[in-house]
Amino acid sequence: MTRVAIVGVTGYGGAEAARLLLRRPDIEIVAATSSRLAGKTLRDGCAWLDSDLILSEFDPNVPADIFLLCQESGFAMEHVPDLLARGKRVIDFSADFRLIDLDDFRTYYKKEHTAPHLKGVYGLPELGDREEIASARLIANPGCHVTAAALALTPLVRAGLVNGIPVVDTKSGVSGAGRARKETDYLFAELDNGLKAYAVTGHRHTPELEQVAGVKVRLTPHLVPMPRGLHATVHAPVSATSAEEIRTVLRDAYQGEPFVRVVDAPPTTKQVLGTNRCDLWADYDARTGHAVLLSVIDNLGKGAAHQAVQSLNLMIGAPETTGIPVDAVWP
Ligand SMILES: NC(=O)c1ccc[n+]([C@@H]2O[C@H](COP(=O)([O-])OP(=O)(O)OC[C@H]3O[C@@H](n4cnc5c(N)ncnc54)[C@H](OP(=O)(O)O)[C@@H]3O)[C@@H](O)[C@H]2O)c1
């Protein structure tokens, strides 16, 4: 039995992790924290989860083997040194331990890193090292835009096909901004029926994507009036000569992967809703010499909580797919 603490369980990411872990016979949730709702039940904070779990304040002393930190950037930097010193293992949902270059962290997150001596293992099994994830003390769970774009782009870079700066256009459902947001931008009346770009030239996921994919990128994200889902379109200048050549690179890269597949038609975010899947499609534009890569994920699935559970499974020696949805809800 693995004992887990979910820190920030009433947020979107934390609640989605709870949804996957609540009924697992091999997992005991020994703490589920909410500073706003301590003393109430999980059902009080998240009506869609049928659970009497009593919410509590964060306490590093609880007897958990693994802490899932589902909090804004800053929390992990503050608490991970102490948790690791206590022998705990951590999966951090925030960006605190994703970037290797701390100058990038300072530039994009506009603060100093307070635990620069600690490095996380990047928790993207399909592009990383599963053994490293399995033995990690600290997992840096990837960003959602990066997950979608990197899964599409990285195999082409690794195959030596990319010969310029890819343009990455991502579109995210509004849950990507979190449940705590109060700005008018996220009100239904202001968001619905419209579409806008944000952080147009300086999005925080830019250096993270460059680190994972191994190539400089031009990234602009967009906010889409849908609850969840993330769609990435990557326009990559390539030395390939056909769509089939590009598709073969992707198929070879993900052969046998349970959660990534190359599909035969441009995918919709809806076909991966509530799952840990990433569906990829590729074409080649011979006129401009670009690969056009389409990638869809659920920002709270493969983009956050399900991917964290995938790493957790590796960390505890469970089959990697245990308790993680593959099939979506439809329509
Ligand atoms: N959302 C995504 O798609 C996504 C994807 C990838 C990574 N991440 C990362 O995961 C971390 C957590 O993100 P998140 O989207 O889960 O954040 P969130 O929904 O905003 O929740 C974060 C915390 O905000 C607090 N909170 C304040 N007001 C709230 C309210 N009215 N309802 C619910 N919670 C409220 C809660 O803590 P208390 O109850 O203790 O106050 C909650 O745990 C962040 O670092 C984020 O960057 C998110």
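The structure presented is a predicted model; accordingly, all values stated were derived computationally and were not measured. Atoms within each ligand, like the ligands themselves, are counted from 1 in listed order. The first residue in the sequence is number 1, and the count goes up from there.
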Margin query: Ignoring hydrogens, what is the shortest heavy-atom contact between L102 and H113? Give both atom names and the distance.
Written below: CD2-CD2, 3.8 Å
Item checked: Closest non-hydrogen atom pair, R247 against W281 -> NH2-CZ2, 3.7 Å
[X]/[Y] ion pair, N-O < 4.0 Å:
X	Y	value
K196	D185	yes
R277	E257	no
R251	E244	yes
R89	D65	no
K171	D169	yes

Please determine if [X] has a nitrogen or oxygen closer than 3.5 Å to a nitrogen or oxygen of ligand 1.
X	result
A95	no
T33	no
G13	yes
G8	yes
S35	yes

Next item on the list: If the plane angle is over 60° it's perpendicular, under 30° parallel, otherwise tilted; pick one for F105 and Y109.
Entry: parallel
I need the atoms of ligand 1 closer than 4.0 Å to a non-hydrogen atom of [X], numbered in the order shown.
X	answer
S94	45 (O)
A304	5 (C), 6 (C)
N299	2 (C), 3 (O), 5 (C)
L300	1 (N), 2 (C), 3 (O)
S34	38 (P), 39 (O), 40 (O)

Notebook entry, point to check: Any non-hydrogen atom of S175 lying under 4.0 Å from ligand 1?
Noted result: yes
Next item on the list: Please verify whether a non-hydrogen atom of L37 lies at under 4.0 Å from ligand 1.
Entry: no
Check: Between R98 (side chain) and H205 (backbone), is there a donor-acceptor pair under 3.5 Å?
Finding: no
Among all protein heavy atoms, pick out the one at the shortest distance from [atom]; state its residue, atom name and that distance to 0.1 Å.
atom	result
atom 36 (C) of ligand 1	T10 OG1, 3.9 Å
atom 13 (O) of ligand 1	E72 OE2, 4.1 Å
atom 33 (C) of ligand 1	R36 NH2, 3.2 Å
atom 15 (O) of ligand 1	G178 CA, 3.2 Å
atom 27 (C) of ligand 1	A180 CB, 3.4 Å
atom 9 (C) of ligand 1	F93 O, 3.4 Å
atom 6 (C) of ligand 1	G303 O, 3.1 Å

Check: For ligand 1, is any non-hydrogen atom under 4.0 Å from S172's backbone (N, CA, C, O), its side chain (CB onward), both, or neither?
Finding: neither
Heavy-atom distance to [atom]: which of [options] wins?
atom	options	value
atom 21 (O) of ligand 1	C70, A177, G11	G11
atom 18 (P) of ligand 1	R179, R228, H205, K302	R179
atom 23 (C) of ligand 1	K182, Q71, E16	Q71

Check: With a 3.5 Å cut-off and no angle check, do the side chains of Q307 and N276 form a donor-acceptor pair?
Finding: no
Checklist line | side chain to side chain contact (heavy atoms under 4.5 Å, CB included) between V90 and L69, worked out | finding: CA-CA 7 Å; V90 176; L69 303 184; 3.7 Å; yes
Check: Under the 4.0 Å line, does any protein heavy atom show up next to atom 2 (C) of ligand 1?
Finding: yes
Next item on the list: May I ask you to check whether H203 and Y108 place their ring centers less than 6.0 Å from one another?
Entry: no
Notebook entry, point to check: Are L124 and L153 in one and the same hydrophobic cluster, where Ile, Leu, Val, Met, Phe, Trp and Tyr link if side-chain heavy atoms are under 4.5 Å apart?
Noted result: yes
Next item on the list: Let me know which of L20, L300, V326, D298 forms a side-chain contact (heavy atoms from CB on, under 4.5 Å) with H306.
Entry: L20
